[in-house]
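First the structure, in the form of structure tokens, and then the observations on it.
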Amino acid sequence: MKAKETIKTDKASKTMDDIISFCKRRGFVYPGSEIYGGLGGAYDFGPYGSLLLNNLKNAWRKAVVRTKPNYVEIDSAMFKEPKTWVASGHVGGFSDPLAECKKCNVRVRVDKELGALGVHADEKMSEEELNTLWDANRKKVICQKCKSNNWTDARMFNLLVKSNLGDFTGEGKTPVYLPGEACQGIYLNYKNIVDTTRMKIPFGVAQIGKAFRNEINPRNFLFRCREFEQADTQYFIKPNENKEAYEKIREERFNWYLGLGIKPENLRWKQHEHLVFYAKDAWDIEYNFPTYGFDEVEGIHDRTDYDLQQHMKYSGVDLHYLDQTTGEKYVPWILETSVGMGRMFLTFLCDAYTVETLPEGGERTVLRLKEELAPIRYAVFPLVKNKPELVARAKEVYEVLASEHMCEFDDNGNIGKRYRRQDEIGTPHCVVVDYQTMEDGTLALRDRDTMEQRRVRVEELL
Ligand code: ATP
């Protein structure tokens with residue numbers, strides 16, 4: 001099939017506002033609790049959004065678990081013994097520096113505001129160090145809401161979200177936290193996995209789990225939420241055998257995005273300049289989001305044995321690994337990949353979202369998603385609604401295809417409009433039952449990207 005050559009693509013006009021309104025209009029993402037005026041930092045995935053999200057999770061699982069014999073997946077409880085978060089460092093140090101506008105009480109993240117002025121600050125600095133930098137620069141920061149530049153001092157604000165689970169007295173002495181990150185469930189189960197499966201080092205454990213962060217300033221749509229999902233892998237290796245494996249994992253993760261259609265010019269690496277004391281290396285995969293520009297989608301971290309050492313210390317349980325062949329005993333090092341599902345979703349959606357000028361005039365919006373990611377694989381239409389035999393045959397075709405693929409039946413409006421609706425949600429194929437179908441059994445198969453049609457039999461689509 002040959003693409004119609006006159007289609008022009010108009011990418012320059014794409015903004016994040018276009019994406020956000022598209023997501024709402026076509027049932028991909030809704031603002032959380034919208035009928036009550038919304039809740040900051042929470043979003044709901046609508047019917048097409050849930051399908052895309054699940055397809056992304058499946059594509060991720062396929063790459064990191066299903067095709068790797070030495071990886072397993074787990075699904076750990078969100079609530080964890082509170083010491084987990086002490087051991088992980090979240091109770092003591094999972095904080096963002098916050099300052100408030102003295103006039104209108106708007107809160108900002110001091111490290112981000114300083115960063116925008118070209119002054120480096122990060123979460124590893126003490127409150128005092130940050131305030132020295134903040135003092136020298138705070139007058140240059142203009143409040144987005146009231147335009148004043150009168151800020152409080154910076155103070156550290158812990159991002160962990162507390163629950164009252166099991167707190168029947170209401171005193172909240174030992175709060176059970178919601179997970180600040182999903183990966184802790186993997187560390188807590190590392191020993192169980194070694195003891196109950198045949199995994200031998202090096203092996204990996206994958207998990208998709210919810211994370212909650214009391215983000216000071218949830219913003220940028222799905223990019224920074226207070227509730228989100230993380231897809232993590234933790235690869236357990238022998239100490240000092242990190243370099244080669246780390247490079248391989250980095251390469252695989254970057255190529256995964258490219259293989260699923262992300263345009264190479266929109267993806268890049270960023271190495272962390274300031275590492276936490278135990279880390280050997282850390283890189284982020286960044287995507288060039290419309291309006292926001294390049295920012296982190298996935299982090300890939302070379303973490304040494306810090307996580308297991310901490311849990312060994314706080315739990316008192318021996319987490320050494322015994323190599324049955326050599327007799328060596330050690331605490332494994334860990335290579336981590338961690339991606340927010342919302343940021344991954346936004347990456348694929350933004351990259352696929354295209355507005356095209358059509359040869360016959362007018363425009364169409366098309367989500368150029370890879371077939372395996374598209375929310376709907378086949379849309380089935382009778383050519384016209386008022387011919388019962390066409391409608392009945394189209395329903396039969398729909399049932400056959402729906403037994404294997406996510407499909408949609410549509411007999412509403414003219415055929416051109418039905419194509420446009422499917423283009424917009426990224427459906428790669430529209431199948432039309434027309435008069436010829438009634439004569440020779442073939443169906444018209446229309447391709448989303450080229451808009452060309454050919455005749456097929458339903459069996460060919462299965
Ligand atoms: P950032 O610097 O943007 O706050 P981070 O470095 O704290 O992110 P990690 O703790 O390494 O992020 O989390 C791993 C991944 O989880 C990130 O790469 C990102 O995709 C996702 N993530 C982190 N915080 C959020 C959030 N508030 N909303 C949505 N996704 C997030």
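Values in this document were obtained by computation on a predicted structure and should not be read as measured data. Order of listing sets the numbers, starting from 1, for every ligand and every atom in it.
Looking only at side-chain heavy atoms (C-beta outward), Asp323 and Ile201 stay at 4.5 Å or farther from each other. In this structure the side chain of Asn150 reaches within 4.5 angstrom of the side chain of Lys139, judged on heavy atoms.
Below 30°, between 30° and 60°, or above 60°: for Phe345 and Phe45 the angle between ring planes is above 60°, a perpendicular geometry. Using a 30° and 60° split on the angle between ring planes, Trp85 and His90 fall in the perpendicular class, above 60°. A parallel orientation is assigned to the rings of His274 and His120, their planes being inclined by less than 30° (bins at 30° and 60°).
Interface of Val297 with ligand 1, defined as ligand atoms under 4.0 Å from a residue heavy atom, comprises 18 (O), 19 (C), 20 (O). For ligand 1, the atoms closer than 4.0 angstrom to any heavy atom of Glu215 are 26 (C), 27 (N). Of all atoms in ligand 1, listed by their number and element, those nearer than 4.0 Å to a heavy atom of Ser338 are 14 (C), 15 (C), 18 (O).
At a 4.0 Å heavy-atom cut-off, ligand 1 touches Arg224 through backbone and side chain alike.
More than 12 heavy atoms of other shown residues, nucleotides or ligands fall within 6.0 angstrom of atom NZ in Lys147.
Remark: distances from the non-hydrogen atoms of Glu181 to ligand 1 are all 4.0 Å or more.
With distances taken over non-hydrogen atoms, the option nearest atom 25 (C) of ligand 1 out of Tyr43, Phe228, Phe94, Phe221 is Phe228. Atom 12 (O) of ligand 1 has its nearest heavy-atom neighbour, among His301, Met341, Glu296, in Glu296.
Checked against a 3.5 angstrom limit, the closest N/O atoms of Cys225 and ligand 1 fall inside it. For ligand 1, none of its N or O atoms has an N or O atom of Leu222 under 3.5 Å away.
A cation-pi arrangement, defined by a distance under 6.0 Å to the six-membered ring centre and an angle within 45 degrees of its axis, is present between Arg250 and Trp269.
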